[in-house]
Amino acid sequence: MHAEIIFLGAGGGRWATITQNRGTGGFRIHTEKTNLHIDPGPGALVRMADLKLIPYYTNAIFISHDHPDHYTDAEVMIEAMTYGMTKNIGYIISNISVLNGYEKYENAISKYHQSKSEIHILNPKESANIHDIELIATPTKHGDPKGIGCRVKTNKGDIGYTSDTELIEPLKDCFDGVRVLVANVVRKKNNKLKGHLCSNDLIDLLNSMKNKPELVVINHIGVKMTNPIKECEYIKDNTSVKIIPAKIGLKIELYDKRINISYLGKKTEE
Ligand SMILES: [Zn+2]
């Protein structure tokens with residue numbers, strides 16, 4: 001089977017989360033044996049229902065850090081994964097803040113909800129084998145000091161997810177050679193923000209990579225980025241990498257020699 005990525009949202013940051021204009025449900029990676037939900041933020045379940053995706057099929061959940069636009073639907077997703085907490089099943093992969101609490105960050109997932117699944121608390125460079133994938137944690141520099149991104153190894157190639165981070169030196173190696181990179185770019189060009197990527201940061205990251213991705217998806221789009229398509233054109237002009245904005249229903253299929261892009265549900269105009 002091919003591997004696929006389906007987006008349940010494209011927005012990020014406080015204001016995009018409150019308005020829900022682009023959705024904040026995270027995204028899913030499906031392979032033959034794995035149905036992984038990454039960062040099930042507010043609305044993840046509602047967006048899945050809209051797209052007729054079945055939450056019960058979820059068998060792994062990754063939460064990158066302890067901010068609500070990344071975790072608020074996670075406990076409900078865990079209830080779907082464990083058939084209402086009746087079965088010992090699935091994996092929960094995250095960092096110490098989300099699962100145990102760290103400094104001012106309380107554990108976002110209750111111990112009750114952690115009681116039926118295999119728990120992996122990862123630091124950068126640590127990895128977990130989950131069904132037919134391997135997930136390697138990548139470093140971030142962001143509000144949650146223990147935040148992680150991930151590199152997911154599938155039998156159709158690797159998928160990278162920066163999570164929320166500013167541009168830091170290790171990222172170019174962590175994501176070198178991924179086929180698809182999901183980059184959380186909250187701000188447009190010349191609009192730097194501490195703890196986050198803007199378009200220029202992504203350009204610098206891509207141009208510093210030895211093996212650039214086949215496709216980049218900008219995700220976690222903030223309200224100040226009013227025209228993501230124009231922003232993608234700017235980034236493409238400066239990197240020669242194919243790049244598209246995330247969108248609710250965006251579906252990316254990875255085959256051995258090609259990547260397909262389509263949209264589930266009703267296609268809305270930008
Ligand atoms: Zn964050």
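Position 1 is the first residue of the sequence, and the numbers go up from there. First listed ligand is number 1; within each ligand, the first listed atom is number 1.
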Between the side chains of H220 and D164, does any donor sit under 3.5 Å from an acceptor?
-> yes

How about H142 and H196: are their ring centres within less than 6.0 Å of each other?
-> yes

With L254 as partner, the option from D158, N155, I29, I159 fulfilling side-chain contact (heavy atoms from CB on, under 4.5 Å) is I159

Do the rings of F27 and Y161 sit parallel, tilted or perpendicular, given the 30° and 60° boundaries?
-> perpendicular

Neighbouring protein N, O or S atoms of the Zn ion (ligand 1), below 2.8 Å = 4

Is a side-chain N or O of N35 found less than 3.5 angstrom from the main chain of N59, in a donor-acceptor match?
-> no

Measure from the side-chain N and O atoms of S208 to the backbone N and O of L205, and report whether any donor-acceptor pair falls under 3.5 Å.
-> yes

